[in-house]
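Quick notes on the structure that follows.
Proteins get letters first, then strands, A, B, ... in listed order; numbering begins at 1 in each.
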Amino acid sequence: MTVDRAWLARPALVMAPRLLNAVVVSDVGGVRVAARLTELEAYEGMDDPASHAFRGRTPRTAVMFGPPGHLYCYFTYGMHWCANIVCGADGVAAAVLLRAGQIVEGIDVARARRPAARRDVDLGRGPARLATCLGFGAEQNGLDLCDPASPVRLESRPARRAPAVVAGPRVGISAATERAWRFSLKDDPTVSTFKAGGRQRALGGPAD
DNA sequence: AGGACGATTAACT
DNA sequence: GTTAATCGTCCTC
């Protein structure tokens, strides 16, 4: 089952921890690769200096301003693609960056797409690495993750918040680094390494 | 029209 | 720990 679009119509900061353990299924290129999400980052659009949408709507960020449940793919450093799940109400810019995941289906395809990965846990350990495993590029930007007929879907919404969640500062950005908007599964080997200093803290709390 | 910089990665020392 | 690779996007003339 794909996730409900209405469930995603909340701020990215709310959705980022809730999307842990959700599964992205990609049939790009006629082959299936699926990844269980283990690390996510929230970007709140116009209130967030680190967000691509901070300076308003542009051709690149148009998807972020649209309805939730779509894929926002962007190209960076002249060579890498990264992917987000658009959240928030239609007209509000919000997105959750897929920072890491465990490949749970199509691991042979993922290995072929990521020849540099030495171990399987490294396949999707990093946003561009994960996007590469899933075959994401310009063609996948804007795809509807809630449509069962879409080539890329978001499936098996976790019934409740993942039991052991860690919150810490976001990575690879130069603005608003103090915001603890990066969420990961505690002790999961597929989570990317912390570079930016700053404390991380355990996150408890009730389910949903 | 020109230039700085990036929600990164891999291969170095 | 350091650094090259590499180009779309956006800001400033």
Side-chain angles (χ1 to χ4, degrees), chain A residues 8 11-17 19-20 24 35 37-66 68 70-88 92-103 110-143 145 152 166-184 189-198 200:
Chain A
L8 292 167
L13 187 54
V14 172
M15 290 315 301
L19 284 166
L20 287 166
V24 175
L37 302 177
T38 59
E39 181 182 356
L40 298 149
E41 260 176 11
Y43 287 90
E44 283 298 351
M46 311 204 60
D47 294 329
D48 181 2
S51 166
H52 289 165
F54 181 59
R55 294 177 202 288
R57 185 178 184 138
T58 65
R60 178 173 73 147
T61 60
V63 179
M64 274 185 80
F65 286 83
H70 291 257
L71 193 67
Y72 166 45
C73 296
Y74 68 91
F75 186 63
T76 191
Y77 288 100
M79 64 197 90
H80 300 301
W81 287 91
C82 298
N84 297 249
I85 296 168
V86 173
C87 296
V92 175
V96 172
L97 173 68
L98 311 183
R99 276 208 66 88
Q102 179 195 17
I103 306 303
R111 285 185 188 133
R113 287 173 174 168
R114 290 257 310 115
R118 297 181 156 276
R119 309 169 299 163
D120 285 347
V121 291
D122 293 324
L123 286 168
R125 191 162 165 270
R129 293 168 166 186
L130 179 57
T132 298
C133 286
L134 294 167
F136 291 169
E139 307 295 312
Q140 284 68 46
N141 188 41
L143 286 179
L145 299 167
V152 182
V166 171
R170 293 179 292 186
V171 181
I173 55 170
S174 54
T177 55
E178 76 288 356
R179 300 186 187 184
W181 285 358
R182 174 181 181 274
F183 301 90
S184 59
T190 64
V191 170
S192 68
T193 52
F194 288 93
K195 285 182 195 168
Q200 57 187 66

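Below 30°, between 30° and 60°, or above 60°: for A:Phe75 and A:Trp81 the angle between ring planes is between 30° and 60°, a tilted geometry.
Of the listed nucleotides (B:dA10, B:dG6, B:dT9), B:dT9 has the atom at the smallest distance from the side chain of A:His80. If you check B:dA10, B:dA7, B:dG6 against the side chain of A:Arg114, the one that comes closest is B:dA10.
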Footprint string (nucleotides 7-13 of chain C, 5' to 3'): B base within contact, S backbone only, - free, heavy atoms under 4.0 Å: BSSSS--

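Within the 4.5 Å cutoff, the side chain of A:Arg129 has no heavy atoms near those of the A:Ser192 side chain. Residues A:Phe65 and A:Val92 are not in side-chain contact: their nearest non-hydrogen atoms beyond the backbone lie 4.5 Å or more apart. With contacts defined as side-chain heavy-atom distances shorter than 4.5 Å, the pair A:Leu97/A:Trp181 does not qualify.
B:dA7 atom P lies 9 Å from atom OH of A:Tyr72, rounded to whole Å. Rounded to whole Å, the distance from CE on A:Met64 to P on B:dA7 is 11 Å. One can place CZ of A:Arg179 at 14 Å from C1' of B:dA7, the figure rounded to the nearest angstrom. Atom-to-atom, OH of A:Tyr43 to C1' of B:dG6 comes out at 11 Å; the value is rounded to the nearest Å. Here B:dT9 presents its P atom at 7 Å from CZ of A:Arg99, a figure rounded to the nearest Å.
A:Ala50 comes within 4.0 angstrom of a base, heavy atoms only.
Remark: A:Arg179 does not engage A:Asp47 in a salt bridge, criterion side-chain N to carboxylate O under 4.0 Å.
The partner of C:dC11 is B:dG2, judged by Watson-Crick or G-U wobble contacts that both fall below 3.5 Å. When Watson-Crick and G-U wobble pairs are counted only if both distances are under 3.5 Å, B:dA7 pairs with no nucleotide at all.
Comparing A:Ser174 and A:Ala116 by the nucleotide of DNA chain B that holds the closest heavy atom to each, the one mapping nearer the 5' end is A:Ser174.
The two residues A:Arg170 and A:Ala176 have their closest heavy-atom pair at NH2-O, 3.4 Å.
The one candidate from A:Asn84, A:Leu19, A:Leu8 that meets the side-chain contact (heavy atoms from CB on, under 4.5 Å) condition with A:Val96 is A:Leu19.
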